[in-house]
Every structure is written in structure tokens, then in C-alpha cells.
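One structure below.
Here is the naming used below: chain letters follow the sequence lines, and residue numbers restart at 1 for every chain. Side-chain atoms are counted along with the backbone in the values below, which use heavy atoms only and exclude waters and symmetry mates.
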Amino acid sequence: MNRDHPSYRHKVYEIVRQIPSGRVMTYGQIAEILGEGYTARTVGYVMHAAGDENVPWQRVINAKGGSSTGKVTVPVNLQQRLLEEEGVKFSEKGFCDLERYRWYPEGFEAADDDETATLFGDAD
DNA sequence: CTCGTGACGGGGG
DNA sequence: TCCCCCGCCACGA
């Protein structure tokens, strides 16, 4: 089956498809992993057709832990509702705890920032 | 070809 | 603390 070349968008979908139920990722996080020409803005942009690609689009939220779907064709609270069905708790303002639900693909776990204090100091 | 938009993010006031 | 502005890059007119 000839499949299209891994499109710009498809790389985003590949990652989103790996997000387990009850977990989330942010647009910026995905952009950071893909690197090369990807930004939070463009990642969000390609998500327009995510529902058409059988991708769990509801698991991608903004850096504040909420949904930015205000301007899109989907109901504003649909994303939040779907996530709550998966067990994600949201505050009254519509934000969830990213520290608690954020998911990292294998090989992209968050690194500790403590080491930054050890390096640097006398060089330069 | 150029201009403007947008499911974002971070810094400054 | 919240709100506003700028930067980021793909895509349509």
C-alpha cells in the first residue's frame, strides 16, 4: 500500500496516537520533540484534521493545562469532557494538573534541572 | 509571489 | 496574579 510520504502532519499524529488514555501532552511539548520547523502553533494547526485521522486529539492541550478549542468547530467543553471520561480531573477554571497527567514518549522523559547548578562557575 | 491567520508559548507590565 | 504583545511556522487566498 502506497502510503503518502510521512507528511508534516503525520509526524504529529504518530506521537498523539501513543498518548495513553487518561494522559495528556501539550502542543509545545510535541513541537519540542519533533524539532525541525515544528512550533506549538503549527502543531495546533495540524490538529484540525486529527479527528479525521483517527487520532485522540483530546489528549493534546495547551501549556496551561486547558483546552484552546474556543475558535474551532468542536464544542468548547468537548475536549475537557472527553478527558474527564478518561479520569483526568479539571479545576473549576478548566485546568488540569500537568505535573500529574503529562505524558512523555519513551526516550523523552523530563530531565532533572538540578544539574544546571553544578556546571558553570569558573570557565569563560 | 506576498499577506494574514491560527487547537501556542513565554516574557513584560 | 492576570492581561497583552511578539515570535514562531505552515497553509490558504
Legend entry - Proximal nucleotide (of B:dA7, C:dC2, B:dG10) relative to the A:Ala63 side chain: B:dG10

Inset, instruction - Using a strict 4.0 Å threshold on nitrogen-to-oxygen distance, state whether A:Glu14 and A:Arg17 make a salt bridge. - result: yes

Inset, instruction - Provide, to the nearest angstrom, the distance between the CD atom belonging to A:Glu32 and the P atom belonging to C:dC9. - result: 13 Å

Inset, instruction - Starting at atom NE2 of A:His48, determine the distance to atom P of B:dC8, rounded to an integer number of angstrom. - result: 8 Å

Inset, instruction - May I have the distance from A:Leu83 (atom CG) to B:dA7 (atom P), rounded to whole angstrom? - result: 18 Å

Legend entry - Interatomic distance where CD belongs to A:Gln80 and P belongs to B:dA7 [whole Å]: 18 Å

Inset, instruction - Flag yes if A:Phe108 and A:Tyr38 sit in one hydrophobic cluster, no otherwise; membership is Ile, Leu, Val, Met, Phe, Trp, Tyr, and two members link when side-chain heavy atoms are under 4.5 Å apart. - result: yes

Inset, instruction - Report yes or no: do A:Ile61 and A:Ile33 belong to one cluster of Ile/Leu/Val/Met/Phe/Trp/Tyr joined by side chain heavy-atom distances under 4.5 Å? - result: no

Legend entry - Under 4.0 angstrom between A:Ser67 side-chain N/O and B:dA7 OP1 or OP2: no

Legend entry - Protein-nucleotide distance (A:Lys64, atom NZ; B:dG11, atom C1'), rounded to Å: 14 Å

Inset, instruction - Starting from C1' on C:dC2, measure out to CZ on A:Phe95 and report it in whole angstrom. - result: 11 Å

Inset, instruction - Would you mind reading off the distance between A:Ile30 atom CD1 and B:dG9 atom C1', rounded to a whole angstrom? - result: 14 Å

Inset, instruction - Could you check if a side-chain atom of A:Tyr45 sits within less than 4.5 angstrom of a side-chain atom of A:Arg41, using non-hydrogen atoms only? - result: no

Inset, instruction - Go through A:Cys96 and A:Gln80 one step at a time and tell me if the side-chain contact (heavy atoms from CB on, under 4.5 Å) criterion holds. - result: CA-CA 9 Å; A:Cys96 71; A:Gln80 181 174 326; over 6 Å; no

Inset, instruction - Specify the separation, in whole Å, of atom CE of A:Met47 and atom P of B:dA7. - result: 12 Å

Legend entry - side chain to side chain donor-acceptor pair (under 3.5 Å) evaluation trace for A:Tyr27 with A:Thr39: CA-CA 8 Å; A:Tyr27 302 99; A:Thr39 67; over 6 Å; no

Distances under 3.5 Å only, N/O to N/O: pair up the protein atoms with those of nucleotides 10-13 of chain C.
{"from": "C:dC11", "atom 1": "O4'", "to": "A:Tyr45", "atom 2": "OH", "distance (Å)": "3.4"}

